[in-house]
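Chain A is the first sequence line, chain B the second, and so forth, proteins listed ahead of strands; every chain is numbered from 1. Worth saying up front: this structure is predicted, and the values here are computed from it rather than measured.
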Number of protein chains: 2
Amino acid sequence: MTNSVNRRVRASQKRQRLTAAAARVLHEQGVERTTLSDIAREADVPVGNVYYYFKTKDELVQAALSEHSAHLDELTGQLEQLADPRDRLKALIEAWIDRRDVAARYGCPTGTLAVELDKRADGILDAEAGAVIRRLLNWTERQFRELDLPKPADLALTLISGYQGMSLLANALRDPDIMTREGTRLLHWLDSLQVSDGHH
Amino acid sequence: MTNSVNRRVRASQKRQRLTAAAARVLHEQGVERTTLSDIAREADVPVGNVYYYFKTKDELVQAALSEHSAHLDELTGQLEQLADPRDRLKALIEAWIDRRDVAARYGCPTGTLAVELDKRADGILDAEAGAVIRRLLNWTERQFRELDLPKPADLALTLISGYQGMSLLANALRDPDIMTREGTRLLHWLDSLQVSDGHH
DNA sequence: GTCTATACTAAGATAGAC
DNA sequence: GTCTATCTTAGTATAGAC
């Protein structure tokens with residue numbers, strides 16, 4: 001391995017470390033209360049060096065958003081392996097319930113980020129958080145459509161809205177049980193949906 | 001009217017103006033991106049003078065939270081005039097739908113505030129936002145209990161969680177229609193709930 | 001590519017005149 | 001009680017040595 005390749009690998013490692021650290025710390029502390037040194041410390045990179053990889057703080061926020069988006073794609077990708085779309089949606093809800101402690105402490109990563117970014121006058125990044133949520137919404141809608149259920153877009157809206165609502169309440173009241181209670185209700189709701197008979 | 005009384009009235013007027021301005025601006029811009037001068041300007045009070053009424057920025061945030069809590073009490077108070085608890089809950093949902101444009105632009109005042117305050121390491125104010133939401137949750141639970149419906153606490157959780165979820169999505173996607181679509185669904189859901197027959 | 005030292009700015013908070 | 005001027009801190013960003 002030549003020196004130049006060696007350096008490039010290390011460089012991208014640091015960039016990756018910074019991105020991962022940003023995703024974690026920004027979720028836990030929020031954008032505004034997180035300083036570049038917080039992220040640098042977490043990634044074990046000197047503060048001033050951050051600017052070699054990211055020209056501004058906003059670029060780091062964007063990288064964190066991409067990271068969350070990738071995590072989401074990974075999750076839905078795994079769920080695709082289930083044959084029945086209804087089972088995929090149920091497994092999604094179960095994944096939410098599994099993460100109840102994180103939700104109660106820090107909320108949904110994308111949801112809380114969206115709330116914070118929407119407060120900014122410069123509408124540079126707020127649309128990006130919305131786009132990640134939109135992706136999940138679209139994936140969910142596809143599952144309902146495959147099930148031949150009427151108004152799949154409305155059903156997707158109800159499911160994702162339910163997730164965001166229960167995450168926010170669990171977080172605001174610091175109560176993971178809320179994730180379990182509402183998650184269970186959503187599972188029953190999914191079961192109750194009847195496939196439309198015949199044509200649509 | 002003596003001079004001292006005159007001064008006291010003006011003083012409390014300024015305090016009140018600052019509180020009202022804080023409630024509005026903090027909702028629109030968020031806590032972290034709002035400066036004391038933003039609030040002072042909105043209240044037409046010189047910046048340095050703010051500290052005569054509020055010792056710290058946190059005290060202003062707290063005042064804004066109380067203001068939101070009072071607004072909420074006012075709303076539920078008006079709803080109490082309706083005889084049927086179910087009508088009260090429906091009117092609540094209709095009020096949410098009426099405010100769809102504000103929700104799409106800035107989210108639920110209390111919900112977004114709770115998200116932001118929960119990110120803070122110093123757990124001084126985060127519990128307060130939770131308390132306001134808890135008040136609404138309790139009021140809603142009472143309505144369901146008066147209707148003799150089973151598991152009123154769970155029903156209340158579902159309703160308020162639905163509200164927070166649709167507000168967050170409407171905000172993140174900047175789409176007031178989401179408030180209408182999900183609000184309508186919640187209205188139908190309320191209608192579908194059957195009063196338990198006999199004893200409980 | 002990596003890191004240190006530092007410039008610059010903004011915002012919270014205070015002192016003190018009126 | 002009201003307001004101006006200013007202190008202080010903290011955090012983003014840059015310059016430049018290595």
Side-chain angles (χ1 to χ4, degrees), chain A residues 1-22 25-26 28-65 116-117 119-122 124-125, chain B residues 1-22 25-26 28-65 116-117 119-122 124-125:
Chain A
M1 198 190 275
T2 71
N3 265 344
S4 83
V5 167
N6 212 336
R7 269 199 297 272
R8 187 173 297 181
V9 165
R10 267 210 298 268
S12 62
Q13 270 178 354
K14 284 202 178 180
R15 195 179 207 284
Q16 181 50 39
R17 281 217 308 277
L18 281 167
T19 304
V25 180
L26 290 175
E28 291 175 4
Q29 305 187 350
V31 176
E32 304 297 339
R33 291 189 80 89
T34 297
T35 68
L36 290 176
S37 15
D38 288 337
I39 297 171
R41 194 182 324 116
E42 190 80 4
D44 202 35
V45 167
V47 200
N49 200 0
V50 171
Y51 287 92
Y52 178 72
Y53 301 99
F54 300 95
K55 274 192 287 293
T56 61
K57 185 181 177 179
D58 272 6
E59 280 192 16
L60 255 174
V61 176
Q62 198 159 10
L65 265 170
E116 214 177 351
L117 294 176
K119 297 297 184 194
R120 302 171 36 149
D122 54 38
I124 302 170
L125 284 171
Chain B
M1 200 189 275
T2 71
N3 265 343
S4 83
V5 168
N6 211 337
R7 270 198 297 275
R8 186 172 299 179
V9 166
R10 267 209 299 268
S12 62
Q13 272 179 354
K14 284 202 177 180
R15 194 178 208 285
Q16 180 49 40
R17 281 217 307 277
L18 281 167
T19 305
V25 180
L26 290 175
E28 292 175 4
Q29 305 188 350
V31 176
E32 303 298 337
R33 291 189 80 90
T34 297
T35 67
L36 291 175
S37 15
D38 288 337
I39 297 172
R41 195 182 323 115
E42 190 80 1
D44 202 35
V45 167
V47 201
N49 199 1
V50 171
Y51 287 92
Y52 177 72
Y53 301 100
F54 300 94
K55 276 192 284 295
T56 61
K57 185 181 180 181
D58 272 6
E59 281 193 15
L60 256 174
V61 176
Q62 196 159 10
L65 264 171
E116 213 176 352
L117 294 176
K119 296 296 183 195
R120 303 172 33 152
D122 54 37
I124 302 170
L125 284 171

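Between A:Tyr52 atom OH and D:dA13 atom P there is a gap of 18 Å when expressed in whole angstrom units. Residue A:Leu18 contributes atom CG, which lies 13 Å from atom C1' of C:dT2 at whole-angstrom precision. Residue A:Arg33 contributes atom CZ, which lies 17 Å from atom C1' of D:dT12 at whole-angstrom precision. Across the protein-nucleic acid pair, A:Gln29 atom CD and D:dG11 atom C1' stand 14 Å apart, rounded to whole Å. Atoms CG (B:Leu60) and P (C:dA11) sit 16 Å apart, rounded to a whole Å.
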Going 5' to 3' through nucleotides 12-18 of chain C, assign each nucleotide B (protein heavy atom under 4.0 Å from a base atom), S (under 4.0 Å only from sugar-phosphate atoms) or - (no protein heavy atom that close).
SBB----
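The pair A:Arg33-B:Glu32 meets the salt-bridge criterion, with a side-chain N (NZ, NE, NH1 or NH2) lying under 4.0 Å from an Asp/Glu carboxylate O. Salt bridge A:Arg41/A:Asp38: present, at least one basic N to carboxylate O contact under 4.0 Å.
Judged by distance alone, with hydrogens and angles left aside, the side-chain atoms of A:Lys57 form no donor-acceptor pair with the main-chain N or O of A:Thr35 at under 3.5 Å. A donor-acceptor pair under 3.5 Å is absent between the side-chain atoms of B:Lys14 and the main chain of B:Tyr53, judged by distance alone. At distances below 3.5 Å, at least one donor-acceptor pair connects side-chain atoms of B:Glu116 with backbone N or O atoms of B:Val31.
Checking D:dT2, C:dT4, D:dT4 against the side-chain heavy atoms of B:Tyr53 singles out D:dT2 as nearest.
Listed here is the closest heavy atom pair of A:Leu18 and A:Leu60: O-CD2, 4.0 Å.
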